[in-house]
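Worksheet: one structure, shown below.
Quick note: residue numbers are just sequence positions, from 1.
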Amino acid sequence: ETLHAALFLSRAASPAPPPPRRHRVPPSTDASAPARPQAQLKYNLLQQMDGTSPTAEEIGRQLLTFGRRMNLAETLARVDDITAADVKRVADKVCWDQEVSFAAIGSNLKYIGDINSLRRGTYWNRV
């Protein structure tokens, strides 16, 4: 009984979590910015090729996307060709001014805000 009371008091006395942070794309990025994500993507692509099922999935994905099977060298070359401008262009198309949806569970839902405030965060006034 005292253990339950101590747990309750420790949870009640703990500070409330901070409100969620908004992730923003910096307005200017240098050319070396995609180097680490490119390395991670290449690593993940190579890591997926460890069995027959992931390899078959990758072949199917490439056939649906490109209409042909690409060899590994061509795939890695395409990853190396990605620039910071490409990432920004795709992020603008996919993220900005789009409808949002989310699901949440837990005791601190009051810090999330309503769906309209989240939606307002997906656009910016372009002049």
Subject >> For Gly51 against Thr55, the heavy-atom pair lying closest together >> reply: O-OG1, 2.7 Å

**OP:** Could you tell me which non-hydrogen atom of Gln38 sits nearest to which non-hydrogen atom of Asp80, and how far apart they are?
**Re:** NE2-O, 3.4 Å

Subject >> Gln48/Leu45 under side-chain contact (heavy atoms from CB on, under 4.5 Å): CA gap, chis, key distance, verdict >> reply: CA-CA 5 Å; Gln48 286 179 338; Leu45 286 172; 4.2 Å; yes

Subject >> Atom pair CD (Glu57) and OG1 (Thr52), whose distance is rounded to the nearest 0.5 Å >> reply: 10.0 Å

Original post:
How long is the span from the CE atom in Met70 to the CG atom in Leu63, to the nearest 0.5 Å?
Top reply: 10.5 Å

**OP:** Kindly indicate whether the side chain of Asp92, heavy atoms from C-beta on, has any atom under 4.5 Å from the side chain of Arg89.
**Re:** no

**OP:** Begin from the C-alpha positions of Arg69 and Glu58 and carry the test salt bridge (Lys or Arg N to Asp or Glu O under 4.0 Å) through to its verdict.
**Re:** CA-CA 9 Å; Arg69 170 79 164 112; Glu58 183 63 25; 5.7 Å; no

**OP:** Could you tell me the separation between the CD atom of Gln62 and the OG1 atom of Thr75, rounded to the nearest 0.5 Å?
**Re:** 4.5 Å

**OP:** Answer whether the closest heavy-atom distance between the side chains of Asp81 and Asp86 falls below 4.5 Å.
**Re:** no

Original post:
Stepwise, does the side-chain contact (heavy atoms from CB on, under 4.5 Å) test hold for Phe66 with Arg78?
Top reply: CA-CA 13 Å; Phe66 303 110; Arg78 284 181 179 238; 3.3 Å; yes

